[in-house]
Amino acid sequence: MSQVDAALPSDPFATAIRAGLAEPPVRVRPLPLPDGNQLWLKRIEDLTHRAWQRKGDMRRLLRREREAFLRLAEAGLPVGRLVEGEGDWLVTRDAGANLRHLLRSPDVRSRERAAAFAAAGEALARLHRAGITHGRPTVRAICWDGAEVRFISLSRWGDRRRRRHFALDVMIFIHSCLCADRTSHDVLGVALTAYLAHAPEGTWRAVRRMAMLMGMIAPAAAALRLARPGSRELNALPLALAYVTERKRRP
Ligand SMILES: Nc1ncnc2c1ncn2[C@@H]1O[C@H](COP(=O)(O)OP(=O)(O)OP(=O)(O)O)[C@@H](O)[C@H]1O
Ligand SMILES: [Mg+2]
């Protein structure tokens with residue numbers, strides 16, 4: 001029996017989770033709480049019979065993600081807080097707005113945005129100093145509650161200590177920023193300055209090396225862009241490579 005089933009019927013978390021689980025499965029849904037806060041339910045979507053193999057993979061990824069929430073929190077690292085989870089689902093506490101939202105919403109003050117991005121850079125460096133990579137630290141996988149940054153979307157995390165693994169996290173972050181807003185150089189600079197002040201020595205060199213190698217496949221990416229001219233991801237790739245090449249270690 002899960003802890004949710006065992007909880008008192010009046011427990012607002014358990015009530016919200018039960019209600020969420022009774023809804024048709026969607027990937028991620030917020031679960032409103034009576035006090036105005038919310039939790040987040042993430043689960044494996046209903047897949048067709050043919051997708052059973054993918055479902056197995058998704059179940060494994062969700063298990064990895066639950067494990068990450070527990071292990072990284074135990075290590076004092078800045079990740080979302082797991083409330084409950086088993087089998088095909090997990091529930092986390094609300095960690096605030098994601099950085100993509102902060103980047104794109106016109107209502108967010110620039111000082112607030114800069115504070116969030118500086119905290120994100122420092123948080124990523126904390127992970128790397130602890131020998132942990134996030135695996136896909138996009139701007140949608142980093143949340144800011146007004147005081148703290150926390151990573152979510154942890155299924156691709158790893159216990160990796162090589163500079164090139166850290167560099168890949170950094171490249172993904174840069175690319176996702178420029179994907180969300182191609183003019184986000186200011187806040188990107190703020191995040192990277194904070195990151196580099198705390199990151200393991202030599203990481204920026206590894207990022208530059210990676211950008212150089214990726215530059216070699218840039219012609220292939222350019223060809224793909226002809227086929228998919230509207231692709232944000234492809235269009236942001238040359239921007240990300242140029243950003244890394246042109247940036248000094250400490251501006
Ligand atoms: N604990 C949380 N706090 C705040 N927002 C959340 C939380 N969990 C999920 N979200 C919101 O839901 C979005 C999607 O979450 P998540 O990245 O975990 O799912 P996904 O992208 O569908 O799955 P995956 O990254 O594993 O493919 C996030 O970008 C964020 O806006
Ligand atoms: Mg995600």
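Each ligand, and each atom within it, is numbered from 1 in the order the structure gives. All of these numbers come straight from a predicted model, not from anything done at the bench.
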Ser153 near the Mg ion (ligand 2) via N/O/S, less than 2.8 Å | yes
Would you say ligand 1 has an N or O under 3.5 Å from any N or O of [X]?
| X | result |
| --- | --- |
| Glu65 | no |
| Arg156 | no |
| Ala95 | yes |

[X] near ligand 1, heavy-atom distance under 4.0 Å?
| X | result |
| --- | --- |
| Gly96 | yes |
| Arg136 | yes |
| Cys143 | yes |
| Arg93 | yes |

Residue among Val79, Leu77, Leu72, Leu127 satisfying side-chain contact (heavy atoms from CB on, under 4.5 Å) with Trp157 | Leu72
Side-chain donor/acceptor of [X] to backbone N/O of [Y], under 3.5 Å:
| X | Y | result |
| --- | --- | --- |
| Ser176 | Val139 | yes |
| Arg150 | Cys143 | no |
| Arg104 | Ala180 | yes |

